[in-house]
Number of protein chains: 2
Amino acid sequence: MDRKPNSQTTAIWVLLNIAHKRVTQTFEAELKRAHLPSAAWYDILWTLERAEEGMRQNELERQSLYDQPNLSRTIKRMVDDGLVTQCPAADDRRGRELRITDEGKALRAEMWKVYGGLMLSEIEDKVPAEHLSGLIEGLASMVPDQDEKLQGKLKNAREKNHKPS
Amino acid sequence: MDRKPNSQTTAIWVLLNIAHKRVTQTFEAELKRAHLPSAAWYDILWTLERAEEGMRQNELERQSLYDQPNLSRTIKRMVDDGLVTQCPAADDRRGRELRITDEGKALRAEMWKVYGGLMLSEIEDKVPAEHLSGLIEGLASMVPDQDEKLQGKLKNAREKNHKPS
DNA sequence: AAATATTAGATACATGTGCATGTATCTAAT
DNA sequence: ATTAGATACATGCACATGTATCTAATATTT
C-alpha cells in the first residue's frame, strides 16, 4: 500500500462504528422497554404521517434506509398491525399507495415521547456546542449529496450553525 | 413533552444513521467483491494479531462490538476456517485462549489492502480538514469514556488535531 | 402490434443478530 | 466441606437483513 490511513481517519472509522452502535442500542433498548416498535418503524410512520396523501412504496423506499425487500416485509407487518393501509395505486397497477392509519398516528405520537426524549438525552445533552457544526458537516461529507431526505434537514441544521440559539 | 430536540440534534441523528449505513455498506460490498470476509472479521484478526500472546475470549469481547454469544459463534467459524486457534486457558478452565494463526495473519494482510484503501477513499479523502476535530470529538462525546479500545486511538487522533500534519 | 426491456413489489433462502438460557468453572462465605 | 453467587463460554430460538429471483404491469423498440 502506498498510502496509509492516518490516526484521525482511524479514529473516525472506529468512532463511527462505536457511536452508532451505542446510540442505536440505547434507542432500541428503551423503545423495547416501553413495549414500542423499533426506531426504524418510527421513521416510516413519521414519513407517512408527513406525506398525508398516500405515498408510493418505492418513494418511501428512497426516503428510508430500508432496501426494497425489507421495506416490503416491514410494511406487511405494519399493515397486519393496522398501522398502515396499502391500496393499489390509481395510475400504476403494479404500485401500492401507503397511508398511515389513525392507529398508526397514535402509535407514532406514543413513540415520540420515548424517541424524542432519547434524542435529547443521547445526543443533544451529550454533544458540546462547539462540536455540533464539525460533527454535522463531517458526517455529511461522507454521504453523497443526492440524498433528498437529508437535504432538507441539513439545510435547517446548517442555518442553526450560524445563529446558535 | 417539555423539550423538543432542535434541528441540529435531528441532523446528527439522521446523519449518524445514514453515514454509518453508507460507509458500512461500501466496506462490506468492496470486501465481498474481493472475496474477503467482513470488516468485523478484520477487526478481530487485527486485535488478535496485535495481542500476539493469546487473548482470552472475554477480553476480546470487551474490545469488540460483538456481544458474547455472537463472538462465540464468530470465533467458531474462524477456527473452522483455520484463522484462529482456541485452546483451553491455563489458569481458568472455563476460559479459552485465542491466538491468530499464520493463515489468519496472511488473510488479515490481504484484507488490509482493501480495508485500508477504503478508509482512505471513504473517510480520509472525503472529510475536509476543518471538520476532522469536530467530527472526532462529537462522535466521542456520544460514547462513554470507559471504552478502553477507544482511548488509545483517541489520544493519538487528538494529538494530531493540535499539530495538523 | 409483437417483442423486449424496465420497473414495482413480493418471496425464498442463507446469514446475521439479540436475547434467553444452559453448562461448567471459579470465588468466597459459611 | 459445602453452599451461594458470579463468570466464561455455548446453544436455541425468534427475528431482521441482504441477495437473488419471481410475477405482474408498464415502457420502449422495432
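If you're wondering where the values come from, they're calculated on a predicted model, not measured in any experiment. Every chain is numbered from 1, with letters handed out A, B, ... down the list of sequences.
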Chemist: Has B/Asn6 got a side-chain atom pairing as donor or acceptor with B/Gln8's backbone, closer than 3.5 angstrom?
Modeler: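 Side chain of B/Asn6 to backbone of B/Gln8: a pair is present.
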Chemist: Considering only side-chain heavy atoms of B/Arg96, which listed nucleotide, D/dA10, D/dA8, C/dG9, is closest?
Modeler: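 Looking only at side-chain atoms, B/Arg96 lies closest to D/dA10.
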Chemist: Between the side chain of B/Ser141 and the main-chain N/O of B/Gly138, is any donor-acceptor distance below 3.5 Å?
Modeler: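 Between the backbone of B/Gly138 and the side chain of B/Ser141 there is a qualifying donor-acceptor contact (under 3.5 Å).
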Chemist: OP1 or OP2 of D/dA16 less than 4.0 angstrom from a side-chain nitrogen or oxygen of A/Arg77, does that happen here?
Modeler: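 Indeed, a polar side-chain atom of A/Arg77 lies that close.
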Chemist: Starting at atom CZ of A/Arg62, determine the distance to atom C1' of C/dG9, rounded to an integer number of angstrom.
Modeler: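 Rounded to the whole Å, the gap is 16 Å.
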Chemist: Give the nucleotide from the list C/dG18, D/dG18, D/dA25 with an atom nearest to the side chain of B/Lys21.
Modeler: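 It is D/dG18.
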Chemist: Between P on D/dT19 and NE2 on B/His35, what's the gap in Å once rounded to a whole number?
Modeler: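 That distance rounds to 14 Å.
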Chemist: Consider the side chain of A/Pro69, meaning its heavy atoms from C-beta on, and name the nucleotide among D/dT17, D/dA8, C/dA10 that approaches it most closely.
Modeler: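 Of the candidates, C/dA10 comes closest.
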Chemist: Under 4.0 Å between any heavy atoms, over every strand shown, what does A/Asn58 touch: base, sugar-phosphate, or nothing? Just pick one.
Modeler: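 Contact class for A/Asn58: sugar-phosphate only.
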Chemist: Looking only at side-chain atoms of B/Lys76, point me to the closest of D/dT11, C/dA8, D/dT19.
Modeler: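 It is D/dT11.
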Chemist: Given the structure, check if the side chain of A/Arg94 and the base of D/dT26 hold any donor-acceptor pair shorter than 3.5 Å.
Modeler: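 Absent.
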Chemist: Take the protein atom CD of B/Glu28 and the nucleotide atom C1' of D/dG18, then report the distance between them rounded to whole Å.
Modeler: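 For the pair B/Glu28 CD and D/dG18 C1', the rounded distance is 11 Å.
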Chemist: Does C/dT15 pair with anything, Watson-Crick or G-U wobble, both distances under 3.5 Å, and if so, with which nucleotide?
Modeler: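 Result: D/dA16.
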Chemist: Closer than 3.5 angstrom, by distance alone: can the side chain of A/Arg96 be matched with the main-chain N or O of A/Ala89 as a donor-acceptor pair?
Modeler: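 The answer is no, because no donor-acceptor pair under 3.5 Å joins these two groups.
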Chemist: Report the distance from atom CZ of B/Arg73 to atom C1' of C/dG16, rounded to the nearest whole Å.
Modeler: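 Between C1' of C/dG16 and CZ of B/Arg73: 9 Å.
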Chemist: For the CD atom of A/Glu124 and the CZ atom of B/Arg3, what is their distance to the nearest 0.5 Å?
Modeler: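 Reported to 0.5 Å precision, the distance equals 5.5 Å.
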Chemist: Take A/Gln68 and A/Asp92, find for each the nucleotide of DNA chain D with the closest heavy atom, and name the residue whose nucleotide sits nearer the 5' end.
Modeler: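 Checking each residue's closest nucleotide, the 5'-ward one belongs to A/Gln68.
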Chemist: Could you state the CG-C1' distance from A/Asp91 to D/dA27, rounded to the nearest angstrom?
Modeler: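 A/Asp91 atom CG is separated from D/dA27 atom C1' by 14 Å.
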Chemist: Paired with C/dT30 by Watson-Crick or G-U wobble geometry, both distances under 3.5 Å: which nucleotide is it?
Modeler: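 C/dT30 is paired with D/dA1.
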Chemist: Compare the minimum distances between each of D/dG18, D/dT7, C/dG9 and the side chain of A/Gln57, then state the nucleotide with the smallest one.
Modeler: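 Closest of the options to the side chain of A/Gln57: C/dG9.
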Chemist: Tell me which nucleotide among D/dA25, C/dA24, C/dA10 gets nearest to the side chain of A/Ser72.
Modeler: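 In terms of side-chain proximity for A/Ser72, the closest of D/dA25, C/dA24, C/dA10 is C/dA10.
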Chemist: Go through D/dA25, C/dA10, D/dA6 for me and flag the one nearest to the A/Arg93 side chain.
Modeler: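 So the nucleotide nearest the side chain must be D/dA25.
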Chemist: Provide, to the nearest angstrom, the distance between the CG atom belonging to A/Leu60 and the P atom belonging to C/dA10.
Modeler: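 Between P of C/dA10 and CG of A/Leu60: 12 Å.
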Chemist: Judged by atom type as modelled, is there a donor-acceptor pair below 3.5 Å linking the side chain of A/Thr9 to the main-chain atoms of B/Met119?
Modeler: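 It does not hold such a pair.
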Chemist: For the pair made of CD in A/Glu59 and C1' in C/dG9, what is the distance, rounded to whole Å?
Modeler: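 In whole Å, C/dG9 C1' and A/Glu59 CD are 15 Å from each other.
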Chemist: Would you please confirm or rule out a distance under 4.0 Å between OP1 or OP2 of D/dC9 and any side-chain N or O of B/Gln86?
Modeler: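 So the side chain of B/Gln86 is outside the cut-off, no N or O lying under 4.0 Å from OP1 or OP2 of D/dC9.
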Chemist: Looking at every strand, decide which applies to B/Asn70 at a 4.0 Å heavy-atom threshold: base, sugar-phosphate, or nothing.
Modeler: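 Here B/Asn70 touches the bases of the nucleic acid.
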Chemist: Pairing check on C/dA8: which nucleotide meets the Watson-Crick or G-U wobble criteria with it, both distances under 3.5 Å?
Modeler: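 D/dT23 - that is the nucleotide pairing with C/dA8, both distances being under 3.5 Å.
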Chemist: Looking at side-chain heavy atoms only, is the closest gap between A/Arg56 and A/Asp92 below 4.5 Å?
Modeler: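 Yes, their side chains come closer than 4.5 Å.
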Chemist: What is the distance, to the nearest angstrom, from the CG atom on A/Asp67 to the P atom on D/dA16?
Modeler: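 Rounded to the whole Å, the gap is 14 Å.
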